[in-house]
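Throughout, a chain's letter reflects where its sequence line sits, starting with A, and its residues are numbered from 1.
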Amino acid sequence: MVRDRVVEIFRKALAKGAAEGRWPAAAPAFSLESPRDPKHGDFAVNAAMVLSKAAGRPPRELAQAIVEAVRAVDDAGDVATLEIAGPGFINVRLAPDVWLRALERAVAAGAGWGRTKVGEGKKVIVEYVSANPTGPMHVGHGRNAVVGDGVQSLLRWAGFDVVREYYVNDYGAQVQTLARSVHLRYQELHGRTVTMPPKSYPGEYVRDIAARLRDEFGDRFLDAPEAEWLALFRDRAVQLVLGLIREDLAAIRIDFDRWSSEKALYESGTVDRFLRSLEEKGLVYVGKLPPPKSKKGAPPAQPQGDLEEGVSLSDDLLLFRSSQYGDEVDRPVKKADGTTTYFCADIAYHWDKRSRADILVDVLGADHGGYVPRLEAALDALGASRDDLHVVLIQMVNLTRGGEAVKMSKRAGTVVSLREVVDEVGADATRFIFLTRRSDAQLDFDVELAKRQTLDNPVFYVQYGHARLAAIARKAAEAGVPVPAFDLDAARTLEAPEEQDLIRRIASFPDVVSGAALAYEPHRIAFWLQETIAAFHSYYTQGKKSGERVIGPDPRKTAARLFLCRALKQVLANGLAVLGVAAPDRMESPETRDAVEDA
RNA sequence: GCGCCCGUAGCUCAGCUGGAUAGAGCAGCGGCCUUCUAAGCCGCGGGUCGGGGGUUCGAGUCCCUCCGGGCGCGCCA
């Protein structure tokens, strides 16, 4: 990587100067950035500014000394110029051939260009979606799924050893509620009149599941006591709903390596063993929880929960000492009725995950933000570290149609399913649009815009750019221009500022990918793709104006430009691949589309 | 009341973990076709980075405080 080469040169130079006693050895980390203004060179290095305090010398003076050390170390002649600028930046301009060779490497690496080893093969478990198996996925789950999948993909590209994991909450009260809802519909299918209570799942899929169970069991459980059918109905319903969820995920091209069942954690005894180890470590105690905080003026909130009859708030609970690890209060791991809490199983699950991986990533809805401190507390308490866990919070999605908000209400059952959206706008647009915003900012998803095949649709804009590059290659083939191999002499003709910009973009793509991976921010790739293709469109149109585009009268220039286009096409395809979006070689033109419709 | 997230151009948003003169798209106005797609491009106008303090060589970015919006604050999951 070009960037790595510069870092290496500066490290050497700083070490050399330190060995000679010219400045302190234990220097704080310097950074390297790509300046916006090309006049500032290829990279700006702040080493002198960072070192200035420890060295007791003004930054610009120090910069001069560092520049000399860099020159002495750069025996390959990779650095063309070094300038001291502003408060003490060292602006580095590399020899043009350094960039051109990176271009050659990009094409040689092909579909692998952008893959790095910064992850050093460390094991990461990325847990995402983990939607409760109580119904099909809605749009909000879709964003979680796409961002999670993007994070997962980025980490893979950056050389981490990734496991994609879905935590199935198939144990608690919610899946029991599902089972009861199914049983009610099951009674209905046998001709009974039922009313669905407020705490039930009203969706049509519940009827479908009930129908399956009727076909399987007939009227065997029609009047049976709940104890006889609850677990059975629950397990069947969960299984069927997970089938729906898998279909929803498949529609946006998402798959998992592992489905971890909460129920299995109990049945295998993992939770019990975990609880015992908490006791041995003195991390839990029997006590009472302070009364819940209430809003000013309002009467104290009464927890409603699923407390058994006759169990009161004054009863003792088993509490986890999370407040000693930065949480607000201690959190219950066992309820007054002696059963364990969701939190208990979840930290057992995280403990299990931590034993299988070095780094954990949880992709959670923003409404679970308040849950994060206790999770971090748990990891610290258990002898791991909160730093082993990275939580990506996903803000809500507001669905709009031509700017008009689409009203959604869970209670009224008017929640728009992910599947409806994907069927309407397609997997590519769905995926890309979920990545056009930082995940911790709310997102307006406009269905009309996502469907539109115009430039204001970002997916379309990027895909069109790729198709245009493919068209250029086709044209060259038709014109009998051979597919060019890399030719350094020819490449040196790529002197236009736009060409230089594109070369640098192609060369630095691996840095973009690894940077996004380390920040867990797939949206960066989506933005980078838009910027890069915009740079190409601009270049292309300018060439067109001057009458000379890619294929021109000069065979050497033509070869060099075709090579550049080939590299660019590859890098766009790779960026889209990171995001799981298709890179088509041709777009259906509006004319063709109209013609087809007319026909 | 407490905690977390957000506040950047008229609108929707980026801003590379603290860098040089804050960017893009849309909307508005004005231009550019001999199709290797005008499904594109170029130009113009547009800003107290919510307000105020602080940290340092340097702050949209970090800290404090206030204002405004969202989410959370169960022995639910």
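With a glycosidic angle no more than 90° from 0, B:rU17 adopts the syn conformation.
Side-chain N/O atoms of A:S260 and A:E165 include a donor and acceptor closer than 3.5 Å.
As rounded to the nearest Å, B:rG25 and B:rC42 have P atoms that lie 8 Å from one another. Here the separation of B:rC66 from B:rC26, taken at their P atoms, is 41 Å to the nearest Å.
For the pair A:R561 and A:Y539, the tightest heavy-atom approach, listed with the atom from each and the gap, is CD-OH, 3.4 Å. Closest of all the heavy-atom pairs between A:R437 and A:D444 is NH1-N, 4.5 Å.
Between A:D170 and A:R331, the residue anchored closer to the 5' end of RNA chain B is A:R331, taking for each the nucleotide with the nearest heavy atom. Positionally, the nearest nucleotide of RNA chain B for A:R524 lies more toward the 5' end than for the other of A:I472 and A:R524.
A:L364 has its CG atom 16 Å from the P atom of B:rA77, to the nearest Å. Protein atom CG of A:D42 is 16 Å distant from nucleotide atom C1' of B:rC16, rounded to whole Å. A straight line from CG of A:D444 to P of B:rG25 spans 20 Å, rounded to a whole angstrom. Rounded to whole Å, the distance from CZ on A:F30 to P on B:rC16 is 20 Å. Following rounding to the nearest Å, A:D440 (CG) and B:rG72 (P) show an atom-to-atom distance of 16 Å. With rounding to whole Å, A:D327 atom CG is found 18 Å from B:rC2 atom P. Between A:L443 atom CG and B:rG70 atom P there is a gap of 18 Å when expressed in whole angstrom units. As a whole-Å value, the separation of A:L32 CG from B:rG19 C1' is 13 Å.
A salt bridge links A:K353 and A:E127; the closest N-O separation between the charged side-chain nitrogens and carboxylate oxygens is under 4.0 Å. Between A:D446 and A:R401 there is no salt bridge, since none of the side-chain N atoms of the basic residue sits less than 4.0 Å from a carboxylate O of the acidic one. Using a cut-off of 4.0 Å between Lys/Arg side-chain N and Asp/Glu carboxylate O, A:R331 and A:D346 are scored as not salt-bridged. Of the charged side-chain nitrogens involved, at least one lies within less than 4.0 Å of a carboxylate oxygen, so that A:D440 and A:R438 count as a salt-bridged pair. The pair A:K263-A:D235 counts as a salt bridge, with a side-chain nitrogen and a carboxylate oxygen less than 4.0 angstrom apart.
Comparing B:rA77, B:rC5, B:rC57 against the side chain of A:N169 picks out B:rA77 as the nearest. Across B:rC76, B:rG70, B:rA20, the shortest atom-to-atom separation from the side chain of A:N91 is found for B:rA20. You'll find that the side chain of A:V550 is closest to B:rC36, out of B:rA20, B:rC71, B:rC36. Closest to the A:Y371 side chain, of the nucleotides B:rA77, B:rC36, B:rA20, is B:rA77. Nearest to the side-chain atoms of A:P87 among the listed nucleotides B:rC75, B:rG19, B:rC6 stands B:rG19. In this structure, of B:rC71, B:rU17, B:rC75, it is B:rC75 that holds the atom nearest to the side chain of A:A336.
Under the Watson-Crick or G-U wobble criterion, with both distances below 3.5 Å, B:rC36 is left unpaired in every strand shown. Both distances falling under 3.5 Å, in either a Watson-Crick or a G-U wobble arrangement, place B:rC26 opposite B:rG10. Across all strands shown, B:rG3 forms a Watson-Crick or G-U wobble pair, both distances under 3.5 Å, with B:rC71. Base pairing of B:rG47 is not made with any nucleotide, judged by Watson-Crick or G-U wobble geometry with both donor-acceptor distances under 3.5 Å. Under the Watson-Crick or G-U wobble criterion, with both distances below 3.5 Å, B:rC41 is paired with B:rG31. With a cut-off of 3.5 Å on both pairing distances, B:rA59 has no Watson-Crick or G-U wobble partner at all.
Backbone-only engagement by A:R438 is indicated by non-hydrogen atom pairs under 4.0 Å involving sugar-phosphate atoms exclusively. Here A:A516 lies out of heavy-atom contact (under 4.0 Å) with every strand. Residue A:A479 is classed as having no contact, given no heavy-atom separation below 4.0 Å to the nucleic acid. The residue A:D446 sits apart from the nucleic acid: no heavy atom pair falls under 4.0 Å. Heavy atoms of A:F527 sit under 4.0 angstrom from primed sugar atoms or phosphate atoms, though from no base atom. Looking at heavy-atom distances under 4.0 Å, A:H523 makes contact with sugar-phosphate atoms alone, never a base. Heavy atoms of A:A476 sit nowhere under 4.0 angstrom from any nucleic acid atom. Nucleic acid contact class of A:N46 (heavy atoms, under 4.0 Å, all strands): base. Among the atoms of the strands shown, only primed sugar atoms or phosphate atoms (P, OP1, OP2) are found under 4.0 Å from some heavy atom of A:Y461. If you check every strand for non-hydrogen atoms under 4.0 Å, A:E33 touches a base. Looking at heavy-atom distances under 4.0 Å, A:A473 makes no contact with the nucleic acid at all. Among the protein residues, A:E262 comes within range of the sugar-phosphate backbone only, with heavy atoms under 4.0 Å from sugar or phosphate atoms but none that close to a base.
Using a 4.0 Å cut-off, no side-chain N or O of A:R437 falls inside it from OP1 or OP2 of B:rC6. Under 4.0 angstrom from either OP1 or OP2 of B:rU12 there lies no side-chain N or O belonging to A:T436. Taking only side-chain nitrogens and oxygens, A:K39 never comes nearer than 4.0 Å to OP1 or OP2 of B:rU21. Look at A:K263 and you won't find any side-chain N or O under 4.0 angstrom from OP1 or OP2 of B:rA77.
The base of B:rA77 is not paired with the side chain of A:D367 by any donor and acceptor separated by under 3.5 Å.
Side-chain contact between A:F343 and A:P332 is absent, with no heavy atoms from C-beta onward closer than 4.5 Å.
Stacking between A:H368 and B:rG72 is absent: the ring centroid is not both under 5.5 Å from the six-membered base ring centre and under 30° in plane angle.
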